[in-house]
Amino acid sequence: MPSAGLPARTQYTLADPRRFREELRRIRQDGIAYDRQEAAPGLTCVAVPIMGASGRPVAALSVAGAHHRFEPSRYAPALRRVAFEAASALTAAKGRQAAAPYDVSRPPAA
């Protein structure tokens, strides 16, 4: 990452490389990502990976809404469960067991 900063799409974009790396560490730890108007003004979303049997992401699920009406942490626990169920179904179709990179029963950090 360039030391001069990252391109900012909105005033909320994490353009500082140090803060961006911290956010990536949190996302990897919690298995969930939030966009709080970072990509587009007025848009908030929450996303989770669908993990393959190898433990690596093969797809993702996200839910988005208008920032003034949408609280992503409200949807995060259900979205994590659905992602794990999707991963289980995909890997079962291949005769394998899904890998859980995080505890789906633990509430994610907001």
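Just so we're clear, the structure is a prediction, and the values are computed from it rather than from any experiment.
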### Pair E22-R26, side-chain contact (heavy atoms from CB on, under 4.5 Å): steps then yes or no
CA-CA 6 Å; E22 288 171 4; R26 189 204 56 77; over 6 Å; no
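The two atoms that bring A76 and Y34 nearest to each other are CB-OH, 3.6 Å, heavy atoms only. Listed here is the closest heavy atom pair of A47 and S62: CB-CB, 3.8 Å. Scanning all heavy atoms of the two residues, the minimum distance from G31 to P49 falls at O-CD, 3.4 Å. Residues A87 and M51 share a closest heavy-atom pair of CB-O, 3.0 Å. The two residues I27 and A33 come nearest to each other via the heavy atoms CD1-CB, 3.8 Å.
Linking ILVMFWY residues whenever their side-chain heavy atoms come closer than 4.5 Å, directly or via other members, leaves L43 and I32 in distinct clusters.
To the nearest 0.5 Å, the span separating CZ on R36 from CG on L14 amounts to 9.0 Å. Taken from CZ in R81 to CG in L79, the straight-line distance is 10.0 Å, to the nearest 0.5 Å. Rounding to the nearest 0.5 Å places OG1 of T13 at 10.5 Å from CZ of R19. Note that the OG1 atom of T44 and the CD atom of E38 stand 9.0 Å from one another [nearest 0.5 Å]. If you take CG on D16 and CZ on R21, they are separated by 8.0 Å, rounding to the nearest 0.5 Å.
A donor-acceptor pair under 3.5 Å links the side-chain atoms of T10 to the main chain of Y12, judged by distance alone.
By the 4.5 Å heavy-atom criterion applied to side chains, F70 and V63 are counted as neighbours.
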